[in-house]
Trainee: 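Just dropping this structure here.
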Amino acid sequence: MRVKMDKKLVTALLREENLVLESPVKFRPLAGGVSSDISLVTDGQHSYVVKQALPKLQVEDDWFADIARNNIEQDFIRFMKKYQPNAVPELLYSDEEHHLFVMEYLDEDFQNWKQQMLKGEFDHNIARNAAGVLAGIHKKSWQNHDLKQQFDNESNFHSLRTEPYLITTGKHHPKLKQLFLEEAERLKHHREALVHGDFSPKNIMVEGDRVVLLDHEVAWFGDPAFDLAFFLNHLYLKMLHHYYKHEEIKDLTETVWKVYFNNVNNLNQNLEIRTGRLLQMLMLARVDGKSPVEYLEEGEKAFIRSFVHEWLPKQLFSQSEINMKWKSALKETQFED
């Protein structure tokens, strides 16, 4: 059973902290996630976002996670405030007992990057800025012992990413199952940098040159290749969806790849191989895992299944080769629903 946000409780907490006035307080649910109740709260003069973790995620499959991840998200925001303060919202109030926090509301001046791309707006400047933010997270946290201890929460990462994305998808594709299981086990032990875990255009708000990253509850100290692959995957999926609609390739992946590696200064020479492997697995996961993207048509899903089944077993892990094969396949495919 889904637990609804207690509006009376939240109002009382906000008034106690002098964040809202005695005037009537209104709540408006905000979209954009499946793991939390998120509301815009306003008293007519002040507006905030209140986020409270849900024990059962809002997807078709049964998917449960520890609501203590709300604290992980706040820890990540505090880390970001030290190094990239403009890349996250202000954290205004925290209530550990009720697993909720209050943060800055990004008003109508901000646009959601995912929605921009779904409308056909592929902005290389946004891609460059977002890639710079991601590279900064990994570079500033690289082999940091204190962060490794603070974000030692593999069970949270497993329940929110490894199990629903890799293990579940492997079960749906028996011929690839062993590859997915091996990757899940590898991720469990690979510890190099702070990983956001949900670095996706849907979690990026844009105002001019500023990009603001949201939804940090998956963060853990692990393999940075997961973030890069997760990010690139969403760009490939948007490219596919746009091509399906307009027969025009709009590619931001090369921009992201170049900016990211220029900024991290090749921290790990094996990063490209790990990223390429994870990228293809995550492509399939967003079709047949527990959290499929909502905008793909049946023809697009079939394209992804065919692409991954062809190239993942052949160990096509080079980014340039994946990019070339992907674009070539797009041009050769006749999509059918």
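This is a predicted model, so every value here is computed, not measured. Counting from 1, the numbers follow the sequence of the chain as shown.
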Trainee: Can you say whether the rings of Phe303 and Trp326 are parallel (under 30°), tilted (30 to 60°) or perpendicular (over 60°)?
Mentor: perpendicular

Trainee: In Å and rounded to the nearest 0.5 Å, what is the CD1 to CD distance from Ile204 to Gln111?
Mentor: 14.5 Å

Trainee: What pairs with Glu192 under side-chain hydrogen bond (donor to acceptor under 3.5 Å, both in side chains), at least two apart in sequence or on another chain?
Mentor: His190, Asn268, Arg274

Trainee: Are the charged groups of Arg277 and Glu183 less than 4.0 angstrom apart, N to O?
Mentor: yes

Trainee: Side chain of His173, backbone of Lys175: donor and acceptor closer than 3.5 Å?
Mentor: no

Trainee: Please check this pair: side chain of Arg210 against backbone of Asn86, looking for a donor-acceptor N/O pair closer than 3.5 Å.
Mentor: yes

Trainee: Is the distance from the ring center of Tyr260 to that of His138 below 6.0 Å?
Mentor: yes

Trainee: Hydrogens and angles aside, do Gln74 and Asn70 bring a side-chain donor and acceptor to less than 3.5 Å of each other?
Mentor: yes

Trainee: Describe, in one word, how the ring planes of His246 and His242 are oriented to each other, choosing from parallel (under 30°), tilted (30 to 60°) and perpendicular (over 60°).
Mentor: tilted

Trainee: Compare every heavy atom of Asp227 with every heavy atom of Gly197, then report the nearest pair and how far apart it is.
Mentor: N-OD1, 2.8 Å

Trainee: Of Phe230, Tyr236, Phe231, which is the lone residue that meets ring pair (Phe, Tyr, Trp, His ring centres under 6.0 Å) with His234?
Mentor: Phe230

Trainee: Are any of the side-chain nitrogens in Asp152 or Arg191 under 4.0 Å away from the carboxylate oxygens of its partner?
Mentor: yes

Trainee: Can you find a side-chain donor-acceptor pair between Glu310 and Ser306 that sits under 3.5 Å?
Mentor: no

Trainee: How are the rings of His241 and Tyr244 set to each other: parallel, tilted or perpendicular (split at 30° and 60°)?
Mentor: parallel

Trainee: Hey, could you give me the CG/CD1 distance between Leu252 and Ile126, rounded to the nearest 0.5 Å?
Mentor: 9.0 Å

Trainee: What about the rings of Phe226 and Phe157, do their centers lie closer together than 6.0 Å?
Mentor: yes

Trainee: Output all residues satisfying side-chain hydrogen bond (donor to acceptor under 3.5 Å, both in side chains) with Asp251, sequence neighbours left out; order by chain, then residue number.
Mentor: Thr253, Asn323, Lys327

Trainee: Taking everything shown except Lys81 itself, do over 12 heavy atoms lie less than 6.0 Å from its NZ?
Mentor: yes

Trainee: In terms of side-chain geometry, is the basic nitrogen of Asp288 or Lys301 positioned less than 4.0 Å from the acidic oxygen of its partner?
Mentor: no

Trainee: Does any part of the side chain of Phe261, heavy atoms only, come nearer than 4.5 Å to the side chain of Asn263, both counted from C-beta?
Mentor: no

Trainee: Establish, from distance only, whether the side-chain atoms of Thr168 and Glu163 form a donor-acceptor pair under 3.5 Å.
Mentor: yes

Trainee: Ring centroid separation for Trp311 and Phe317, is it under 6.0 angstrom?
Mentor: no

Trainee: Quick one: do Glu247 and Lys331 make a salt bridge, cutoff under 4.0 Å?
Mentor: no

